[in-house]
Protein chains: 2
Amino acid sequence: MLDSPVVSTDSVVFQLQNSKLAVLLIKRAKSPSKGEWALPGGYNSAGEVTQDAMVRVLRLKAGLDIKMLPLVDQLYTFDTDAVGNNGNAVVVTYMGLGRDIVLKASDTLQSPTFFAVENVPRLPFNHNEIIEYAHKRLAAKLTYTNSVFALLPKFFTLTQLQNAYETILDHKYDKRNFRKKFLSLKMVEPTDKYLHEGAHRPALLYRFRHQKLQTLSRSFD
Amino acid sequence: MLDSPVVSTDSVVFQLQNSKLAVLLIKRAKSPSKGEWALPGGYNSAGEVTQDAMVRVLRLKAGLDIKMLPLVDQLYTFDTDAVGNNGNAVVVTYMGLGRDIVLKASDTLQSPTFFAVENVPRLPFNHNEIIEYAHKRLAAKLTYTNSVFALLPKFFTLTQLQNAYETILDHKYDKRNFRKKFLSLKMVEPTDKYLHEGAHRPALLYRFRHQKLQTLSRSFD
DNA sequence: ACAAAAGTGTTAAGAATACACCCATGT
DNA sequence: ACATGGGTGTATTCTTAACACTTTTGT
């Protein structure tokens with residue numbers, strides 16, 4: 001074995017909650033920063049590939065099966081000079097997108113909880129920076145791919161779709177133009193179902209034409 | 001020290017040569033694949049951050065000072081199951097863009113040479129895959145940023161600019177529309193110099209308005 | 001009947017595309 | 001004078017952006 005930096009993996013798992021972008025945090029079980037909120041992550045053991053480390057850590061610390069995440073992307077690899085007193089580390093980060101993730105509480109888990117991104121506390125290491133970076137990348141991806149599909153339920157209203165874009169891109173859109181654009185992009189198609197949910201006209205439910213990542217023919221902004 | 005995968009760094013350095021995209025390769029000094037062409041790369045030592053490893057390797061093996069590269073980006077981090085018999089490795093890859101790079105031959109270097117991307121031989125490890133990936137990323141970057149500036153000399157003609165786009169994106173553009181678009185993007189501006197280079201009308205030289213990476217207001221395709 | 005969100009169309013400005021000829025130079 | 005690449009304009013189509021009222025439902 002060569003003398004080399006240590007490899008670890010951190011994951012940013014996003015979903016929408018109450019029309020807000022939310023990120024999964026856990027309570028750290030070990031020093032440093034024991035008991036503080038942080039991104040789920042951990043060291044890779046020898047022979048373990050970073051994707052596998054991510055899967056293992058999410059299951060072990062958050063009780064989350066990666067199959068719950070329709071989209072997972074590598075984000076960026078950070079170099080840190082020193083982690084605790086273990087010398088330097090290379091931290092490979094991933095972003096996962098999901099919907100309707102229900103976390104079960106359990107003594108064996110580390111209090112996995114979704115925090116609205118705007119309410120994320122100050123986190124140890126560079127975890128706040130990682131979340132910011134992930135948010136920016138997600139925003140960029142929404143403009144040139146169909147990646148929202150991974151954040152919305154199978155059936156959704158155009159208002160929900162618009163809300164997703166508005167929260168993530170932090171920008172208001174005109175309802176008529178937004179709808180025209182998305183229908184012309186052929187990203188979504190109407191179903192024959194309606195969502196009845198209040199003292200107002202029910203909303204037609206749509207679905208994505210593909211549940212795979214695709215690049216849009218014209219980008220969105 | 002924990003038991004962890006080995007970290008190494010590979011670099012894809014591009015420049016334009018005879019209106020073709022070219023990539024820097026070296027001859028490997030060590031097994032495995034000793035004597036074969038490969039991307040410049042190597043293991044990180046403990047305490048060494050991946051960017052520093054890249055700088056060190058390029059200087060040591062290719063005699064290239066990173067300051068010659070106006071733009072360097074992290075590309076992707078690959079996991080490989082086994083490298084030689086050293087167990088698995090995490091390979092952090094970078095892409096550097098340059099212009100007018102003159103390589104000096106030297107016994108202490110490993111025959112650094114630029115190969116036109118279309119003539120790159122079959123390389124060991126996943127180096128062909130890495131180059132393909134870098135090429136795709138570069139193509140994408142040209143469409144939404146001003147990153148060509150790093151590949152062209154300070155003063156250049158619009159034909160040279162168009163050639164750069166055409167080679168990298170593998171697409172022909174209409175001369176009039178191309179010029180209209182780039183001038184309206186305000187990416188470049190005319191100077192008062194001309195390039196005289198043959199039995200034809202001399203070409204007006206332009207320069208970039210910024211030598212820093214910027215995102216374009218409207219993307220290009 | 002009222003409150004609440006769903007749904008819908010037109011016009012104007014800007015951007016993209018398609019397309020062909022004259023200009024300035026070196027030999 | 002000719003060969004070579006540099007340089008330019010217009011018409012059409014498509015895309016974007018701005019903007020306000022009617023519909024359907026639950027209470």
Side-chain angles (χ1 to χ4, degrees), chain A residues 16 18-20 142-146 152-153 155-167 169-207 215-221, chain B residues 16 18-20 142-146 152-153 155-167 169-207 215-221:
Chain A
L16 292 169
N18 311 319
S19 304
K20 298 279 181 200
L142 287 201
T143 67
Y144 68 91
T145 69
N146 65 345
L152 290 177
F155 298 93
F156 55 89
T157 68
L158 292 183
T159 301
Q160 288 167 349
L161 179 63
Q162 186 173 343
N163 279 339
Y165 272 83
E166 291 184 343
T167 336
L169 299 184
D170 192 25
H171 189 271
K172 290 283 176 195
Y173 295 95
D174 176 85
K175 188 161 48 156
R176 283 170 291 187
N177 293 340
F178 184 89
R179 287 162 184 238
K180 218 182 309 166
K181 180 76 183 260
F182 274 86
L183 295 171
S184 85
L185 282 172
K186 298 197 170 151
M187 197 162 107
V188 300
E189 61 190 8
T191 66
D192 54 1
K193 299 185 192 22
Y194 286 85
L195 177 65
H196 297 257
E197 65 151 6
H200 57 83
R201 181 167 172 177
L204 186 54
L205 287 165
Y206 286 74
R207 72 172 153 231
T215 300
L216 304 182
S217 50
R218 314 193 302 279
S219 78
F220 176 78
D221 218 30
Chain B
L16 292 169
N18 312 319
S19 304
K20 299 279 181 199
L142 287 201
T143 67
Y144 68 91
T145 69
N146 66 344
L152 291 177
F155 297 93
F156 55 89
T157 67
L158 292 183
T159 301
Q160 287 166 351
L161 180 63
Q162 186 173 343
N163 279 339
Y165 273 82
E166 290 185 344
T167 336
L169 299 184
D170 192 26
H171 189 271
K172 289 283 174 196
Y173 296 96
D174 177 85
K175 191 164 42 158
R176 283 171 290 191
N177 293 341
F178 184 89
R179 288 164 184 237
K180 216 183 309 166
K181 179 75 184 263
F182 274 86
L183 295 172
S184 86
L185 281 172
K186 298 193 171 157
M187 200 162 105
V188 300
E189 61 189 10
T191 66
D192 54 2
K193 300 185 193 21
Y194 286 86
L195 177 65
H196 297 258
E197 64 151 5
H200 56 84
R201 179 167 172 179
L204 186 53
L205 287 164
Y206 287 75
R207 70 170 153 233
T215 300
L216 304 182
S217 50
R218 317 192 301 280
S219 76
F220 176 79
D221 221 30

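Protein chains get the first letters and strands the later ones, always in sequence-line order, with residue 1 at the start of each. The structure presented is a predicted model; accordingly, all values stated were derived computationally and were not measured.
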- According to a strict under-4.0 Å criterion, is Arg218(B) in side-chain N/O contact with OP1 or OP2 of dA15(C)? yes
- Phosphate OP1/OP2 of dT16(D) contacted by Lys181(A) side-chain N/O (<4.0 Å): yes
Polar atoms only, N or O, under 3.5 Å: list the protein pairs with nucleotides 24-27 of chain D and their distances.
unit_1  : atom_1 : unit_2    : atom_2 : d
dT24(D) : O2     : Arg201(A) : N      : 2.7
dT25(D) : O2     : Ala199(A) : O      : 3.0
dT25(D) : O2     : His200(A) : N      : 3.1

- Message: Is there a side-chain contact (heavy atoms from CB on, under 4.5 Å) between Val188(B) and Leu183(B)? Walk through the geometry before answering.
- Response: CA-CA 6 Å; Val188(B) 300; Leu183(B) 295 172; 4.0 Å; yes
- Mind listing the closest non-hydrogen atom pair of Phe155(A) and Arg207(A) along with its distance? CE2-NH1, 3.9 Å
- Query: Ser184(A) near the nucleic acid: base, sugar-phosphate alone, or nothing, with a heavy-atom cut-off under 4.0 Å?
  - Reply: nothing
Whole-Å distance separating the [atom1] atom of [X] from the [atom2] atom of [N]:
X: Gln162(A); N: dA5(C); atom1: CD; atom2: C1'; value: 12 Å
X: Leu204(B); N: dA24(C); atom1: CG; atom2: P; value: 13 Å
X: Leu195(A); N: dA4(C); atom1: CG; atom2: C1'; value: 14 Å
X: Asp174(A); N: dT11(C); atom1: CG; atom2: P; value: 17 Å
X: Phe178(B); N: dT8(D); atom1: CZ; atom2: C1'; value: 16 Å
X: Arg179(A); N: dA6(C); atom1: CZ; atom2: C1'; value: 6 Å
X: Phe182(B); N: dT17(C); atom1: CZ; atom2: C1'; value: 16 Å
X: Tyr173(B); N: dA18(C); atom1: OH; atom2: C1'; value: 16 Å

- Message: I need the Phe182(A) CZ to Tyr173(A) OH distance, nearest 0.5 Å.
- Response: 8.0 Å
When you compare the protein's N or O atoms with those of nucleotides 10-12 of chain D, which come within less than 3.5 Å of each other, and at what distance?
unit_1  : atom_1 : unit_2    : atom_2 : d
dT10(D) : O4     : Lys180(B) : NZ     : 3.0

- Task: Report yes or no: is the cationic atom of Lys181(B) (NZ for Lys, CZ for Arg) closer than 6.0 Å to the six-membered ring centre of Phe220(B), at no more than 45° off its axis?
- Result: no
- Tell me which nucleotide among dG9(C), dA15(C), dG6(D) gets nearest to the side chain of Arg176(A). dG9(C)
